[in-house]
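Here the structure is a predicted model, which is why all the values come from computation and not from measurement. FYI, the numbering just counts along the sequence from 1.
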Amino acid sequence: MNQSLSSTSATEPATLSSLEQEVLGAVDDDQVVQDLRDLVAIPSVGGSAAEAEAQEWCAARLGDLGCDVDRWDIDLAGLSEVPGHPGVEVERWNAVGCVGVLGGTSQPPSGGAGMPALALCAHTDVVPPGDLLSWPDADPFTLRVIDGLAHGRGACDMKGGLAAILGAVSALARAGVPLRRPLAVHTVSGEEDGGFGAFATLRRGHLADSCVIVEPTAGTIIPVNAGSLTFRLELTGRSTHGATRSQGVSVIDLLEDVSATLRTLERDRNASLPAEFAHLDLAWPISVGMVHAGDWASSVPDKLVAHGRFGVQVGEGVDSARRVFERALADAGERHPWLRDHPVEVSWPGGEFASGALPAGHPLLDEVTTAVTDLGGDRPRVCGAPYGSDLRHYAAAGVATLQYGPGDIRRAHALDERVEVAEVLRCARVYALLALRQCA
């Protein structure tokens with residue numbers, strides 16, 4: 001895939017039509033910030049009761065904006081049996097789906113004029129806030145706007161983008177624009193641990209000609225994502241007293257050998273990167289995030305469990321990626337004096353993120369770029385992202401999709417997460433202009 005890798009350059013605002021100016025003037029900045037405030041106040045950590053509460057809030061808000069809303073209870077057990085289910089990493093007892101449609105019906109379309117020309121998609125789940133004492137006032141779920149920055153868990157990833165979507169929909173509704181084709185808003189749960197919410201939404205039949213996912217992209221357009229898999233490693237050594245450690249086999253030492261194998265695999269897989277990923281030192285990284293070993297300070301530990309993340313290359317199937325990983329460890333183990341007879345046990349728990357891409361040459365890339373530059377913004381850079389997202393679900397369903405949204409991914413999941421208010425408001429206008437041109 002070779003999307004144009006445009007460099008940013010200053011542009012003059014285009015001459016907009018009177019209708020475009022009317023819609024853009026109808027964006028209510030104060031209400032956008034209030035929606036963001038209300039969303040952040042819902043502590044919608046994946047697996048918590050508030051995850052469904054956020055979806056209920058969205059269903060009510062979209063109804064208030066004049067959308068026809070499809071709100072349904074997701075059959076989690078049944079969905080998990082569907083081929084291609086992405087997996088989950090947290091336990092859930094219930095989940096809610098939500099799709100709002102402006103200028104049409106929320107019944108899943110069967111094609112033709114009833115099919116939304118555009119879907120705008122945002123996930124409403126957030127990651128845990130971490131150490132509460134590291135947040136001002138020990139409160140990550142009260143939005144604080146300081147010097148133009150909106151702080152709070154989820155403000156960047158991705159409730160700022162969702163508030164921008166609502167601002168765009170409100171502007172179209174307030175301007176009374178008759179839509180030739182419907183505009184859809186998909187709010188989804190569970191993105192952070194696999195994307196079952198988007199999977200369920202698409203399985204229900206909510207499709208569109210194209211889709212913009214409002215992940216934080218810091219002004220760039222992302223038409224292609226790498227994928228990722230969660231791996232689990234179990235190592236077995238030989239325990240003994242710490243005073244006679246040379247008579248044992250420490251799993252800590254074994255992990256060092258395994259880590260060296262993974263570093264070699266990572267280096268080889270990143271030796272030649274596609275143009276969209278050339279800005280990265282690692283497009284498909286391998287990292288270990290959790291290690292558990294030992295139960296006594298003066299014992300040589302004989303059991304270790306490690307969990308980590310394995311980056312999936314663009315176009316690489318997840319089953320193929322698993323085989324590559326497992327083969328690398330098996331081959332290295334055959335050359336190791338201990339691991340030859342005590343091989344690393346590999347399993348694959350949790351969410352499954354395949355790669356995904358906008359079809360080469362699809363007009364959505366130019367349409368989003370034009371909407372940005374017509375509002376006086378710099379021409380967005382186009383590049384790939386090394387993380388998985390719901391983009392791959394939409395791509396697999398035949399919906400041309402890219403990512404463009406407010407915020408910087410480096411601020412997502414961080415302590416004192418934040419997003420520029422001005423960027424949220426700019427994106428609201430970009431979405432409004434794009435939707436007007438696609439749907440009216």
Sole residue of D374, L183, V212 in side chain to side chain contact (heavy atoms under 4.5 Å, CB included) with L434
V212
Test L166 against every option in T187, D28, L62 by the side chain to side chain contact (heavy atoms under 4.5 Å, CB included) rule and name the one that passes.
L62
Do [X] side-chain atoms and [Y] backbone N/O form a donor-acceptor pair below 3.5 Å?
X: D193; Y: E89; result: yes
X: E53; Y: A50; result: no
X: S259; Y: L255; result: yes
X: T370; Y: D366; result: yes
X: R411; Y: A155; result: no
X: R429; Y: L425; result: yes
X: T264; Y: A260; result: yes
X: S355; Y: G315; result: yes
X: D75; Y: G78; result: yes
X: Q55; Y: V96; result: yes

Between [atom1] of [X] and [atom2] of [Y], what distance do you get to the nearest 0.5 Å?
X: L39; Y: C58; atom1: CG; atom2: SG; value: 5.5 Å
X: C121; Y: L162; atom1: SG; atom2: CG; value: 9.5 Å
X: S347; Y: L233; atom1: OG; atom2: CG; value: 8.0 Å
X: L118; Y: L436; atom1: CG; atom2: CG; value: 11.5 Å
X: T369; Y: R381; atom1: OG1; atom2: CZ; value: 13.0 Å
X: S189; Y: H123; atom1: OG; atom2: NE2; value: 10.5 Å

Search all heavy atoms of [X] against all heavy atoms of [Y] and return the closest pair with its distance.
X: L402; Y: L391; value: CA-CD1, 4.0 Å
X: T201; Y: V99; value: CG2-CG2, 3.7 Å
X: L65; Y: A173; value: O-CB, 3.5 Å
X: E423; Y: G405; value: OE2-O, 4.1 Å
X: F231; Y: R309; value: CE2-N, 3.4 Å
X: C156; Y: R418; value: CB-O, 3.4 Å

Step by step, work out the side chain to side chain contact (heavy atoms under 4.5 Å, CB included) result for Y387 and I409.
CA-CA 10 Å; Y387 53 83; I409 192 65; 4.0 Å; yes
Pair S389, Q403 - check side chain to side chain donor-acceptor pair (under 3.5 Å), show working.
CA-CA 9 Å; S389 79; Q403 294 173 191; 2.4 Å; yes
With the side chain counted from C-beta on, respond yes when [X] and [Y] share a heavy-atom pair under 4.5 Å apart, and no when they do not.
X: V214; Y: C427; value: no
X: V145; Y: L149; value: no
X: N225; Y: R392; value: no
X: Q438; Y: R181; value: no
X: V324; Y: E316; value: yes
X: E420; Y: V424; value: no
X: L76; Y: F196; value: yes
X: W135; Y: L415; value: yes

Show the numbers, then the answer: is there a salt bridge (charged side-chain N to carboxylate O under 4.0 Å, His left out) between K159 and D35?
CA-CA 9 Å; K159 292 178 175 180; D35 283 341; over 6 Å; no
After noting the C-alpha distance and the side-chain angles of E266 and N270, does the key distance pass the side chain to side chain donor-acceptor pair (under 3.5 Å) rule?
CA-CA 6 Å; E266 180 184 64; N270 286 272; 5.3 Å; no
Ring pair (Phe, Tyr, Trp, His ring centres under 6.0 Å) partners of F310, counting only residues at least two apart:
F325
Restricting to side-chain contact (heavy atoms from CB on, under 4.5 Å), what partner residues turn up for A200, sequence neighbours left out?
I74, L79
Step by step, would you call D68 with S106 a side chain to side chain donor-acceptor pair (under 3.5 Å)?
CA-CA 5 Å; D68 193 53; S106 64; 2.8 Å; yes
Before giving the answer on side chain to side chain contact (heavy atoms under 4.5 Å, CB included), spell out for L265 and R269 the whole-Å C-alpha distance, their side-chain angles and the decisive distance to 0.1 Å.
CA-CA 6 Å; L265 178 61; R269 285 171 60 82; 3.7 Å; yes
Run the side chain to side chain contact (heavy atoms under 4.5 Å, CB included) test on L358 and L365 for me, step by step, so that the C-alpha distance in whole Å, both residues' side-chain angles and the decisive distance to 0.1 Å come before the verdict.
CA-CA 8 Å; L358 180 75; L365 179 60; 4.0 Å; yes
Do [X] and [Y] sit within salt-bridge range, that is, some charged N less than 4.0 Å from a carboxylate O?
X: D38; Y: R61; answer: no
X: E345; Y: R232; answer: no
X: E417; Y: R153; answer: yes

Between E20 and R437, is the salt bridge (charged side-chain N to carboxylate O under 4.0 Å, His left out) condition met? List the steps.
CA-CA 9 Å; E20 289 172 340; R437 291 174 174 177; 2.8 Å; yes
Please, which pairs that meet ring pair (Phe, Tyr, Trp, His ring centres under 6.0 Å) have at least one residue in residues 412-440, sequence neighbours excluded?
none
Could you walk me through whether W348 and E326 pass side chain to side chain donor-acceptor pair (under 3.5 Å), step by step?
CA-CA 11 Å; W348 301 93; E326 292 169 359; 2.7 Å; yes
For the pair F277 and W284, name the ring-plane relationship: parallel under 30°, tilted 30 to 60°, perpendicular over 60°.
tilted
Quick one: do V45 and D125 satisfy side chain to side chain contact (heavy atoms under 4.5 Å, CB included)? Show the steps, please.
CA-CA 6 Å; V45 174; D125 58 309; over 6 Å; no
